[in-house]
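Heads up, the thing below is written out as structure tokens.
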There are 2 protein chains.
Amino acid sequence: MNENSGQTPSSQSMRGSNQSGLRAWNERLLFTLLHTQGAMPKAEIARVTGLSAQTVSVIIRALEQDGFLEKGDPVRGRIGQPSVPMSLAANGAYFLGLKIGRRSSEMILIDFHGAIRDRRMLRHDWPEPKAARAFALKAAHELVQRLPEHDRARVAGMGIAQPFQIWDWSETISAPQAMMDRWRDCDLCADLGAQLPYPVFLRNDASAACGAELVFGTRAMPRDFVYFYIGFFIGGGVVLNGALHTGESGNSGALGSMPVRAPDGRTVQLIELASIFSLEQRLVTEGLDPDLLWTDPQDWPVPDHLISDWIARAAQAIAQATVACLAVIDFKAVVIDGWFPPAIRRRLLESVQAAMNAQNLAGIDRPLISEGSLGSDARALGAAALPLTDRFLITTEVGLGNGQTSGD
Amino acid sequence: MNENSGQTPSSQSMRGSNQSGLRAWNERLLFTLLHTQGAMPKAEIARVTGLSAQTVSVIIRALEQDGFLEKGDPVRGRIGQPSVPMSLAANGAYFLGLKIGRRSSEMILIDFHGAIRDRRMLRHDWPEPKAARAFALKAAHELVQRLPEHDRARVAGMGIAQPFQIWDWSETISAPQAMMDRWRDCDLCADLGAQLPYPVFLRNDASAACGAELVFGTRAMPRDFVYFYIGFFIGGGVVLNGALHTGESGNSGALGSMPVRAPDGRTVQLIELASIFSLEQRLVTEGLDPDLLWTDPQDWPVPDHLISDWIARAAQAIAQATVACLAVIDFKAVVIDGWFPPAIRRRLLESVQAAMNAQNLAGIDRPLISEGSLGSDARALGAAALPLTDRFLITTEVGLGNGQTSGD
DNA sequence: TCAATACTAAATAAAAGTGATTTATTTATT
DNA sequence: AATAAATAAATCACTTTTATTTAGTATTGA
């Protein structure tokens, strides 16, 4: 009987705040700071947060005591007492991330630094709820058991990344409707949450990938960006004010459903033009083995003209979808990533950039268009980022301030 | 020398919080609560906020002392001591809202309840920065002077609602490009902020109208909705997590720039099909006076077939734009309002609802489509809402919690 | 019917608790 | 000697807890 199920933290809307909330907030602030900026001495943390040195000292000591933070080597060479950089302890917390995909599902275990420690994979013809549940339980058990014993209790949660509303496209991808329908009434998240001793979260797979870019991405990102993840399906995520936005039902960033104009003039959904399944279909009609695309995301041993054709169509469609996105939200960047070799990602990126020039941008600002940094692991990492974010990070950027008037 | 200029409150990103911040937060919480729910006795405020009765008592007393709150008549008839409902004092604070439009500009003064107390209007052939500035200063002075003397210091700020990037469409609307270009380097907001003793804020006119619906609208709204405002131009606003999202440069909700398919098959921007200027052009080609549309937003003495044609095209285009919006953000509602008679708004609404049935909604949730409640005053009200929100309301919904674990 | 009494809920004063800040001191280095 | 990091002790701000007061309704009994 535990309540580890909710996929959204359920807005408590109008609750007041007290000192414990204050401390909790400041703790998260320090975690967030160390997560994004890396190791920092207490004194500098005090400077950038505006908290007093004493407060930082007290909080940090408590968190170090609890094993979440650790001291680095003292930095000498500057005047004054040497500074001791504090950083997240890699084994301060662990997180499980489950990706459910079209061809395979995968569970990863990451540490507090976001490094993937271990993984388990399951290949399948079609994803299926019961099998997914069994795999999740088995993989979670194995991955946790392989941790040193005293670390096992530090697993802080599990995240699940899966495509939403796949039954809507069973026809498009010629999938067995009956099997897809099994996902309709399946609440894998609540189900696993009831079985496991830590909270379980759920997110759309592309949004999760987007969240991974936000939390683990190597590049500095603007506060608002839109993200395309090209897998078997194309999907998306939106980051607003530095935080992933998923909406009440988690369906924000359903970019695959964006209407675009196909080369033949018809209006179709983006998913039909820019997903890998459309390339796969082409392979099949050419008599090639579709598994060429799925065995290794680092290498696509496929005739180049097929890829070029696909990229051209996909880029054109993505550019159109991007303009629509920009008309809704003033995104400062567009990030493109997916389950494909980095070289392909680069070519697609450049094609999208070129296709943007043909779009009518009157009244909207031209965004930066850039590559994602996580590639094929983005979804699983995004899943694992869910419990990390929920427990340790500040996502909103809009805190309650420190009440100091900016006196002149 | 004052710093009342920034249109965004400039994210202080990683600041810690202290007790004064805590109090400030809880004060805003109470303002927000009383603003949205109306009068409430202290005891109930304590219940819904989760704060202790004592805390609420202390905070409320201070705010009452400062003239922001006032006691209502004690409610008798129930067991126990009668409860004294507390409410916002109408004259606790005043706010100025300046709307700059295509045909006219207008300044309103609202009180703490959001009621329009007074207004000044300026008709013009084209909006022009210098004239706008002069009008704003004059109108602000007059409106404030007409307040009782002891209330004049309670004017808490001014908001400006104006179309963004109008120079991009000078050709479309056959406006003098040179005059439109004068807006390029004009920072009316900073300019007025430097002249006036209270902060000045700026927002895109349609986003402002959207914000007005959020702050003053009569209907209960979902946390995420998209808003179309049909004026001389069509524009939009987006509400996410119960807060208006404008983006870093304030250009979010630039729905006029949304590409849609025109009846003739061309891809054009929504602004060309669903703005009132397209109806105005039609009037001109029919030899009618365009001022028929602009003299009274309660009545359009125009041949009905012209209006029907316009509604049909506009609704078709808005429905397409709506689908694109839903692919980006999982909006739960679509709100349509504008500078037109309520009967026209209703007809447009119904046409959009009908047009939605022809759209491909695979993978996205069907939203509620509803009317706005503020009509022609929406933009000015939205402008006035800016200082109100900035100073008194919580917009984010994600506070810092009260640290109470939800113990079982 | 009318006091007298019991009960209830609102409101708040006083005391206690929590957490951040200020001030002063210690420590390790250039 | 100067400087910066780190922290202990004292202080301050704000919330909560506890106890008390207040103003009403409900009940009881003559």
Side-chain angles (χ1 to χ4, degrees), chain A residues 15-30 39-65 69-87 399-405 407, chain B residues 15-30 39-65 69-87 399-405 407:
Chain A
R15 307 295 290 177
S17 302
N18 57 14
Q19 283 98 330
S20 4
L22 191 57
R23 164 59 70 92
W25 174 271
N26 285 335
E27 282 183 0
R28 290 177 98 97
L29 184 78
L30 300 199
M40 259 188 193
K42 296 191 182 90
E44 193 182 346
I45 292 175
R47 275 192 298 271
V48 309
T49 59
L51 292 169
S52 69
Q54 180 60 208
T55 299
V56 172
S57 191
V58 168
I59 295 178
I60 295 271
R61 208 179 327 161
L63 295 179
E64 192 187 358
Q65 200 73 37
L69 304 183
E70 61 191 10
K71 289 192 167 72
D73 293 330
V75 174
R76 296 182 169 80
R78 263 172 299 175
I79 296 177
Q81 180 168 139
S83 65
V84 179
M86 303 297 307
S87 59
L400 78 180
N402 63 359
Q404 271 157 219
T405 46
Chain B
R15 308 293 291 175
S17 302
N18 57 15
Q19 284 95 333
S20 4
L22 190 58
R23 165 59 70 94
W25 173 271
N26 285 335
E27 282 183 1
R28 289 177 99 96
L29 184 78
L30 300 200
M40 259 188 196
K42 296 191 182 92
E44 193 181 348
I45 293 176
R47 275 191 297 271
V48 310
T49 60
L51 292 168
S52 69
Q54 181 59 211
T55 299
V56 172
S57 190
V58 169
I59 296 178
I60 295 270
R61 206 179 327 161
L63 296 179
E64 191 187 359
Q65 200 74 37
L69 304 183
E70 61 190 10
K71 289 193 167 71
D73 293 330
V75 174
R76 296 181 170 80
R78 262 171 301 173
I79 296 178
Q81 181 169 140
S83 62
V84 180
M86 303 296 310
S87 59
L400 77 181
N402 63 359
Q404 270 157 220
T405 46

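Quick caveat: nothing in here was measured; it's all calculated off a predicted structure. Residue numbering restarts at 1 for every chain, and letters A, B, ... go by the order of the sequence lines.
- Atom CD1 of residue A:I59 and atom CG of residue A:N26 lie 5.0 Å apart, to the nearest 0.5 angstrom.
- Residues forming a side chain to side chain contact (heavy atoms under 4.5 Å, CB included) with A:Q81 (at least two apart in sequence, or on another chain): none.
- Phosphate contact (OP1/OP2 of C:dT30, side-chain N/O of A:R78, threshold under 4.0 Å): absent.
- Contacts between residues 53-61 of chain A and DNA chain D, counted as heavy-atom distances below 4.0 Å, involve A:A53, A:Q54, A:S57, A:R61.
- The CH2 atom of B:W25 sits 17 Å away from the P atom of C:dA20 (whole-angstrom rounding).
- Contact annotation for A:S52: base contact, defined as any heavy-atom pair under 4.0 Å involving a base atom.
- For the pair B:R76 CZ and C:dT8 C1', the interatomic distance rounds to 16 Å; values are reported in whole Å.
- Smallest separation of non-hydrogen atoms from A:V58 and A:R23: CG1-NH2, 3.7 Å.
- A:R23 has a side-chain polar atom (N or O) that falls below the 4.0 Å cut-off from OP1 or OP2 of C:dA20.
- Applying the side chain to side chain donor-acceptor pair (under 3.5 Å) definition to pairs two or more places apart or across chains, those involving residues 50-64 of chain B are B:S52-B:T55, B:E64-B:K71.
- We find that CG of B:L51 is positioned 14 Å from C1' of D:dT17, with the value rounded to whole Å.
- When rounded to the nearest whole Å, the span between CG of B:D73 and P of C:dA10 equals 18 Å.
- Taking atom CD1 of A:I79 as the reference point, atom P of C:dT30 lies 10 Å away to the nearest angstrom.
- Picking from C:dG19, C:dA28, D:dT16 the nucleotide with the shortest atom distance to the side chain of A:Q81 gives C:dA28.
- Closest to the side chain of B:S20, from the set C:dA28, D:dC14, D:dT16, is D:dC14.
- In this structure, the nucleotide among C:dG19, D:dA23, D:dA5 sitting nearest to the side chain of B:Q19 is C:dG19.
- The phosphate of D:dT15 (OP1 or OP2) has a side-chain N or O of B:N26 nearer than 4.0 angstrom.
- When both distances must be under 3.5 Å, the Watson-Crick or G-U wobble mate of C:dT30 is D:dA1.
- Atom CE in A:M86 sits about 15 Å away from atom P in D:dA5, given to the nearest Å.
- Taking every heavy atom of both residues into account, B:R47 and A:R15 meet most closely at O-NH1, 4.1 Å.
- The two residues B:Q19 and A:L22 come nearest to each other via the heavy atoms N-CD2, 4.0 Å.
- Checking C:dT18, C:dA10, D:dA26 against every side-chain atom of B:S83, the shortest atom distance belongs to C:dA10.
- Distance, B:L22 CG to C:dT21 P: 12 Å, rounded to whole Å.
- Following rounding to the nearest Å, A:R47 (CZ) and D:dT3 (C1') show an atom-to-atom distance of 13 Å.
- Rounded to the nearest 0.5 angstrom, B:I60 CD1 and B:L30 CG are separated by 5.0 Å.
- When all heavy atoms of A:P85 and A:P74 are compared, the closest pair comes out as CD-CA, 4.4 Å.
- Not one side-chain nitrogen or oxygen of A:K42 sits closer than 4.0 Å to the OP1 or OP2 atom of D:dA4.
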